[in-house]
Amino acid sequence: MATASKNPQASTAAAVPGAEPQYLGYLVEFENPTALVHAAEKVRDSGYKNWDAHCPFPVHGLDHAMGLREPILPWIVLGAGLTGLGLALLMQWWMNAYDYPLIVSGKPFWSIPANIPVMFEMTVLFSGITLFFGMLFFNRLPQYYHPVFHSERFKRATTDRFFISLLADDPKFNREKARQLAESLHGSNVEVLEG
Amino acid sequence: MAHQTYLKPEQVKDDKAFLGGKEGQIMGIGAVAAVAGLAGALGLGASMGDGLRGFWFAWLQGCFLWLSVALGALFFIMVIYAARGGWNVVVRRIAEYFAATLPVLGVLVLAGVVIGGAQLYSWHPGSSVELEHHAQILIGRKEAWLNPAFFAIRIVGYFAIWGFLAWYFLGNSLKQDSTGDVTLTKRMWTTSAPGLVVFALTLTLAAFDLLMSLAPTWFSTIFGVYVFAGCVSSFMSILCLTAIYLQGQGFLRRSITMEHYHDLGKLMFAFTFFWGYIAFSQYMLTWYANMPEETFWYMFRQEGGWENWSWLLLIGKFIIPFAFLLNRRLKRNKLTLTFAALWIPVFHWVDLYYVIMPNYSPEKITDGRMLFTAICATVFVGGVFFASAAAIARGKAIIPLKDPRLGESLRFDNIKV
């Protein structure tokens with residue numbers, strides 16, 4: 001599931017019992033990934049910012065159709081990997097050649113070939129941890145609330161249905177225009193999200 | 001995705017899917033390159049005044065570069081079937097033609113080891129290399145395996161197996177072009193798995209025989225994997241270059257897309273790293289154990305000028321292509337990908353030179369004449385390789401026309417940026 005922009009925070013969710021249901025946005029349902037990608041292109045070109053596509057499996061071409069920017073995460077991971085590489089080298093130099101020099105099987109105190117496996121592992125470790133938590137951070141996960149959870153039909157997003165949600169807290173959200181856009185997407189179902 | 005229209009499988013045959021006269025041109029250029037390369041290698045080899053010893057080392061070097069490409073192609077085909085791959089169908093036929101040249105390369109390799117065997121291999125009874133006493137004893141123990149007759153039989157055996165596999169897959173794939181029979185694909189799914197096992201064993205033994213036995217007292221069990229890593233990365237590169245060349249000539253313009261190149265680039269990257277991993281594994285165990293019967297192989301490569309060649313190999317075959325191909329954009333740009341695809345086979349060649357040539361002159365790095373002899377021999381075998389591939393492709397499609405997964409391959413899409 002790719003996140004297009006900032007999602008509403010929990011404050012919009014607090015539905016007061018008995019109060020008028022709050023209007024949260026539109027949920028459009030599609031039966032196949034092709035229809036989802038076509039619709040995503042349309043929403044992208046309409047200029048909405050706070051919307052998202054939901055699908056049970058990764059759909060090729062959806063990132064492009066949603067107009068997502070190239071992620072910055074790979075560069076951060078590269079930096080983390082190089083940090084791990086450098087730290088591993090520094091650590092082994094400090095331990096083996098500086099703090100407590102020890103002759104091991106007649107090799108010089110500081111032997112690069114012996115250091116390489118640890119450098120490799122530390123590079124992978126730093127990259128992997130950064131990638132995992134970076135992915136969570138940039139996807140704003142974990143997320144315990146989302147307006148789409150008010151929809152019964154949305155439960156099929158994890159099995160066999162594809163959805164686009166247009167959320168009402170978009171600064172340019174106009175209820176009438178959003179309705180027109182939602183209906184123009186040729187989805188198999190259009191639903192108003194309330195909660 | 002929506003704005004791009006993909007070719008339908010039945011439209012592929014109209015996408016200039018036949019060489020249609022071009023094969024004559026390729027065969028002509030290949031033949032000229034082969035003759036010129038052979039003449040150059042013979043002339044330079046003779047001028048070294050060592051009774052053509054250097055020439056046969058260059059011959060082995062030239063053969064092994066293109067043998068790597070053909071073996072990488074055979075591996076690629078079998079892996080596609082074993083994994084039931086779909087994206088790579090549009091480039092599979094080119095690999096099939098590459099692999100089908102294996103019998104031709106076999107003739108060249110066999111000629112090299114039969115005629116030049118005594119010059120190449122110090123275990124050969126006719127060798128003039130003076131061995132130390134302990135080496136003579138060690139080689140004597142290995143005589144059951146390392147003797148000219150059994151050696152030649154094994155080489156014939158390896159190429160018979162590879163040639164059979166290559167032509168089995170090409171033959172069935174060509175049959176499918178006319179019948180469109182899906183059971184052919186299903187049968188190849190099944191046969192590719194034992195095919196890969198046989199391939200792994202024969203490639204390992206062939207690497208031991210042809211390259212490792214140049215230093216007959218040395219041994220490294222990982223050596224076959226080391227050679228294999230170079231085979232696959234250089235094959236992926238040559239496949240990339242061939243596809244880019246063919247598309248430049250107007251062939252398969254809409255069938256092969258940037259998505260396929262991107263994935264070939266990923267595999268080039270993966271096997272570059274794999275080579276580094278294996279090469280380091282081999283080096284580190286030898287370095288750490290520090291046993292004289294193993295370390296001498298590396299000692300030869302760290303003295304007398306060979307140390308510069310070792311550094312060239314480390315930087316050129318691992319560090320530069322690794323850093324270069326890390327970036328997605330550079331893999332999705334034809335110009336930068338072409339650069340990487342040229343770079344990698346050149347450094348596989350440097351790697352083969354590093355493995356082979358110190359056996360010719362361990363004390364001091366070979367001079368420029370040896371280098372140019374090896375280049376000429378590589379041009380010679382390269383000419384033979386491409387001319388044979390084009391001759392095999394004559395009148396046949398250069399893309400599987402009726403593969404059941406062709407449609408999937410045509411629509412193949414990586415995540416776009």
Side-chain angles (χ1 to χ4, degrees), chain A residues 1-2 30 32-45 53 55 57-82 85 103-108 111-121 123-124 127 131 162 185-186, chain B residues 1-6 86-87 257-260 262-263 266 269 273-292 294-295 298 301-302 310-311 314-315 318-319 322-333 407-417:
Chain A
M1 217 191 309
F30 303 92
N32 60 63
T34 317
L36 176 75
V37 169
H38 284 292
E41 284 172 340
K42 219 168 187 174
V43 182
R44 174 194 69 194
D45 297 338
C55 39
F57 51 81
V59 173
H60 280 326
L62 185 60
D63 294 32
H64 181 67
M66 289 179 71
L68 297 183
R69 280 165 303 154
E70 199 179 334
I72 190 164
L73 186 56
W75 294 101
I76 299 174
V77 172
L78 179 67
L82 291 174
L85 189 82
I103 295 174
V104 180
S105 55
K107 300 287 190 287
S111 302
I112 299 286
N115 293 1
I116 286 180
V118 176
M119 286 159 71
F120 172 74
E121 299 297 346
T123 309
V124 173
S127 307
L131 186 61
F162 305 82
L185 296 179
H186 307 296
Chain B
M1 193 175 193
H3 304 304
Q4 204 176 332
T5 51
Y6 294 103
W87 67 269
T257 66
M258 192 36 79
E259 305 304 319
H260 303 108
H262 185 187
D263 267 23
K266 288 179 204 167
F269 171 74
F273 193 82
F274 184 65
W275 178 85
Y277 193 96
I278 298 301
F280 178 70
S281 302
Q282 178 174 284
Y283 178 81
M284 195 191 69
L285 291 185
T286 308
W287 173 83
Y288 223 117
N290 211 8
M291 313 275 255
E294 290 173 355
T295 47
Y298 282 107
R301 285 156 181 78
Q302 289 176 7
S310 302
W311 279 111
L314 172 66
I315 295 164
F318 177 65
I319 296 175
F322 173 76
F324 189 83
L325 285 169
L326 204 52
N327 190 301
R328 183 195 281 179
R329 281 175 186 226
L330 299 182
K331 286 186 291 240
R332 292 185 67 89
N333 176 316
E408 178 184 339
S409 184
L410 291 167
R411 287 192 310 275
F412 175 64
D413 188 17
N414 278 293
I415 290 168
K416 285 181 185 167
V417 284

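Predicted model only: the values in this text are computed from it and were never measured. A note on names: the letters A, B, ... follow the listed sequences, proteins ahead of strands, and every chain is numbered from 1.
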Worksheet item: So do the side chains of B:Tyr288 and A:Pro113 get within less than 4.5 Å of each other, counting heavy atoms only?
Response: no
Discussion item. I'd like to check the side chain to side chain donor-acceptor pair (under 3.5 Å) partners of B:Gln282; sequence neighbours left out, ordered by chain and number.
Written reply: B:Ser220, B:Tyr298
Item to complete: Describe, in one word, how the ring planes of B:Phe273 and A:Phe120 are oriented to each other, choosing from parallel (under 30°), tilted (30 to 60°) and perpendicular (over 60°).
Response: parallel
Worksheet item: Rounded to the nearest 0.5 Å, how far does CE of B:Met284 lie from CG of A:Asn115?
Response: 10.5 Å
Worksheet item: What do you reckon, is OH of B:Tyr277 surrounded by more than 12 foreign heavy atoms closer than 6.0 Å?
Response: no
Worksheet item: Any Lys/Arg nitrogen of B:Arg328 or A:Glu70 sitting under 4.0 Å from an Asp/Glu carboxylate oxygen of the other?
Response: no
